[in-house]
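Working notes, beginning with the structure itself.
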Amino acid sequence: MPVPWEALIPFGLLTVMFGITGTAFNTAKRMTNDGKPPRYNLDSWDSMMMERDRRLTGSLRGQSTDPIAPKEFATNSVWDTERVH
């Protein structure tokens with residue numbers, strides 16, 4: 001039984017296009033996460049630590065090894081305004 005070689009051309013094109021799309025999506029996802037893989041199943045603790053890291057370093061995925069926080073960290077609180085009753 002002969003093989004329909006003409007069918008391999010569209011199959012190859014589809015395979016290549018899905019591969020390019022997947023690679024581009026993975027690259028875009030990693031670039032938005034500072035070159036690190038994306039995080040999944042974040043709980044409130046992880047979100048709180050990511051917000052703290054963003055305030056310390058300016059990036060959600062950045063981490064600082066300095067034992068003392070910069071001066072700006074004291075005034076850039078998470079609480080922008082508080083409601084006074």
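Just so you know, these numbers come straight off a predicted model, no measurement behind them. FYI, side chains are in, hydrogens and waters are out, and symmetry mates aren't considered; it's all heavy atoms of this structure.
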- Query: In Å and rounded to the nearest 0.5 Å, what is the CD to CG distance from E51 to L56?
  - Reply: 10.5 Å
- Query: What are the two closest heavy atoms between G62 and D34, and how far apart are they?
  - Reply: N-OD2, 3.9 Å
- State whether the number of non-hydrogen atoms from other residues, nucleotides or ligands found under 6.0 Å of K36 atom NZ is greater than 12. yes
Taking only distance into account, with no hydrogens and no angle test, what donor-acceptor pairs under 3.5 Å do side-chain atoms of residues 8-24 form with protein atoms, sequence neighbours excluded?
unit_1	atom_1	unit_2	atom_2	d
T15	OG1	F11	O	2.8
T21	OG1	M17	O	2.8
T23	OG1	G19	O	2.8

- Report whether M49 and L42 are members of the same hydrophobic cluster (ILVMFWY, side-chain heavy atoms less than 4.5 Å apart, transitive linking). no
- side chain to side chain contact (heavy atoms under 4.5 Å, CB included) involving T32 - partner list, sequence neighbours excluded: none
- Only counting residues at least two apart or in another chain, list the ones meeting side chain to side chain contact (heavy atoms under 4.5 Å, CB included) with N41. none
- Task: Could you tell me whether the side chain of R54 reaches within less than 4.5 Å of the side chain of R61, counting heavy atoms only?
- Result: no
- Identify, with sequence neighbours excluded, every residue that meets side chain to side chain contact (heavy atoms under 4.5 Å, CB included) alongside R30. N26, P37
- side chain to side chain contact (heavy atoms under 4.5 Å, CB included) with D53: which residues, sequence neighbours excluded? Q63
- Task: Would you please name every residue forming a side chain to side chain donor-acceptor pair (under 3.5 Å) with N33, sequence neighbours left out?
- Result: none
